[in-house]
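Scroll down for the structure; my scribbles are underneath it.
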Amino acid sequence: MCNEEQPDSFIHMMRHSTAHLMAAAILKLWPEARFGVGPSTDNGFFYDIEVPGNIKEEDLNRIEQKMRSLKKHKVTFERSEIGIDDAIAQMEALNQPYKVELLNLLKDQGTTAISKELEDDNLAEGDLESVSFYKTGDFVDLCRGPHLDHAGYIRHFKLIKLAGAYWRGNEKNPQLQRIYGLAFKTKDELDKCIWEMEQAKLRDHRRVGKEMSLFTFNDDVGRGLPLWLPNGVIIRDELEHLARLEEAKDGYERVVTPHITKEDLFYRSGHLPFYKDDMYAPMDIDGDNYYLKPMNCPHHHMIYGHRPRSYKELPVRLAEYGVVYRYEDSGSLSGLMRTRGFCQNDAHIYCRFDQAKDEFLRVMRLHARYYDLFDIKDYHMLFAKPDMNKLDKYVDEPEKWRAAMDVIVQAMEESGYPYREEEGEAAFYGPKVDFMIKSAIGNQYAISTNQLDFLATDRFNLTYKNEDDVDSPVYVIHRAPLGSHERFVAFLIEHFGGAFPVWLAPIQVVIIPIADRHMDYAHKVQDALFGAGIPTGTGTVRVKIDDGRDRMGKKIRNAQMQKIPYMLVVGDKEAEAGKVAVRQRAGEDLGAMDLSAFIDRLRIEVTTRKMPEMPEA
RNA sequence: GCCCAUGUAGCUCAGGGGUAGAGCACUUCCUUGGUAAGGAAGAGGUCACCGGUUCAAUCCCGGUCAUGGGCUCCA
């Protein structure tokens, strides 16, 4: 959010220089400060810093003041070239161990890159004989540059947040403090960015979820464990209804499996060897250890294997919207986006190897159907491959990994959907393809995950009889196009800002009688809507009568705040003519229309799952 | 889990060492009103929890729990 489409080189340089300016200011306030890295970002910059004690949020003001003072004095950014060994000696003398570490990496490896994601290309040129330093006031930094000539050229900036950040992104390393700042060429752009961040908060699913009574959390229940309220369950029900329809078209069959399971199964599945840290402690039942299931796959494998299978019946596609429990760090829990128990839109496809590519492709096309339906345009696939040098983290069968990856790449290519590759992020049992989408608030999320599993075959002895009556191994595709219902609903809340399309709206229509004498007609309208047989995922049109004693204007306001798509105002004129006065939540008054005309309109919007007018992002 | 911040009525928030305040919501009464807030009255809080300092703590200090922004991790 609030980042330019194509930041020009000036703004990039200015932001980077602002990071140095901040570091110089901090060095004035904390002479013992040690510095990590400080790049520019999409809308500003950050710098990772370590000071005795810690920087507190109230210090941000002081730092900003000092920065403004340095800017006023037009402190310069002076470049110098220096031999790498001299550079190391100088940084040691300045007591900057993190810079020394970076310099040593440069010297030994020619790069400081951790991974593509974390690469800080500001640090140095490819030349390993010498590096460049930039001096700003007393602050000397290892930096490739370029920089502004002096701080007077820095435009508008603001320090916005203080966070912890592990040195080089590794939680085993010490944690530095990261100060984020915004920096723009004009005051208008800076103000606009701040305004956009405030607007984003308005559509945060936690806020909207509260306002619309979709879900809640309770300390006595436990963190990360949502309580779904009736309005929220309607959205889940509609989503599941949609998934059942779409999956029926693709030949899925539904199964149901238990929440707890004996440990033997999880040893066999590989979860206890490879996934134990994400699982909750076992419970003792009659002398056996039982675990809450973190995934549904082992159970589906047992269902596949409960009787001999013939090549004639493959692929077998078993779907379950099963609840799984996973341990998540307390600090990473976040509303419905990250919970400790969630319902997966799960299924496993058991097929022959020669069917795997087409099945995987079909799964990707199912994703595309969903994304078209929800008008999700900003997505790409992330192909997570194993780090082939560290196969101990995974199940160590290199040929099978390669075969599985070939299948996936072929399917991805054939799909034509955009994808990126990432090494070292595969599931322990196979390579995976996550679908990444960006929420309206600007956060990117893995909304769906899909894997090709060649491990289950051996571990669970999953086979079928081929044409020659020989047992042959199946390939398993794990897929969850809607991810978890928790996260997907959270995404939809933010995507629509709570103004759901009619088919998803918890309340679709509210009837607003103007006076008590219109109640009879209001009930007639409601009965007509119920009786119209409009097929929703919850069985009937969701229509309420606002029978409170508020004035009509207040009732409209209430409905508006609840983002109810349609308000039907009924008074003397409507009752007499058999009409309803239709108002839409966007504020548009459609005027009086025949009740039957409104029902037709509603039926079309529900059955076609019509998108609403999308609010401004 | 780690760094920083926050926790006062159902919600949004103000206050502040001397047994608590607003708006909205809620209840009751009046109002029967034509497209985003009609009027009045009332009820509602161990100021997250546990300890400490103090004559006195909601306020200061420590701890715990929870929430938020990040880091790590992930659907």
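Chain A is the first sequence line, chain B the second, and so forth, proteins listed ahead of strands; every chain is numbered from 1. Below, all heavy atoms of this structure are taken into account, side chains as well, without hydrogens, waters or symmetry copies. Keep in mind it's a predicted model, so treat the numbers as computed, not measured.
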Indicate for each nucleotide in nucleotides 33-48 of chain B, in 5' to 3' sequence, whether protein heavy atoms under 4.0 Å reach the base (B), only the sugar-phosphate (S), or nothing (-). BBBBBB----------

Donor-acceptor list for residues 569-582 of chain A side chains, cut-off 3.5 Å, not counting sequence neighbours:
unit_1	atom_1	unit_2	atom_2	d
A:Asp572	OD1	A:Arg517	NE	3.1
A:Asp572	OD1	A:His518	NE2	2.7
A:Asp572	OD2	A:Arg517	NH2	2.8
A:Glu574	OE1	A:Gly571	N	2.9

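- Base-pairing analysis of RNA chain B finds the following stems of at least three consecutive Watson-Crick or G-U pairs, with both pairing distances under 3.5 Å: B:1-7 with B:65-71, B:10-13 with B:21-24, B:26-30 with B:38-42, B:48-52 with B:60-64.
- A:Gln96 is linked by a side-chain hydrogen bond (donor to acceptor under 3.5 Å, both in side chains) to nothing, counting only residues two or more places apart in sequence or in another chain.
- With sequence neighbours excluded, no residue forms a ring pair (Phe, Tyr, Trp, His ring centres under 6.0 Å) with A:Tyr417.
- A:Arg207 pairs by the side-chain hydrogen bond (donor to acceptor under 3.5 Å, both in side chains) definition with A:Glu211, not counting sequence neighbours.
- The side chain to side chain contact (heavy atoms under 4.5 Å, CB included) check on A:Asp547 picks up A:Met519, A:Ile545, with sequence neighbours excluded.
- With sequence neighbours excluded, the residues satisfying ring pair (Phe, Tyr, Trp, His ring centres under 6.0 Å) with A:Tyr566 are A:Phe598.
- A heavy atom lying under 4.0 Å from RNA chain B marks the following residues of residues 207-230 of chain A, by number: A:Lys210, A:Asp219, A:Arg223.
- By the ring pair (Phe, Tyr, Trp, His ring centres under 6.0 Å) test, A:Phe435 is found to be paired with A:His367, A:Tyr371, residues two or more places apart in sequence or in another chain being considered.
- The side chain to side chain contact (heavy atoms under 4.5 Å, CB included) check on A:Pro97 picks up A:Arg34, A:Asn95, with sequence neighbours excluded.
- Remark: A:Phe46 pairs with A:Tyr180 by the ring pair (Phe, Tyr, Trp, His ring centres under 6.0 Å) rule, at least two apart or across chains.
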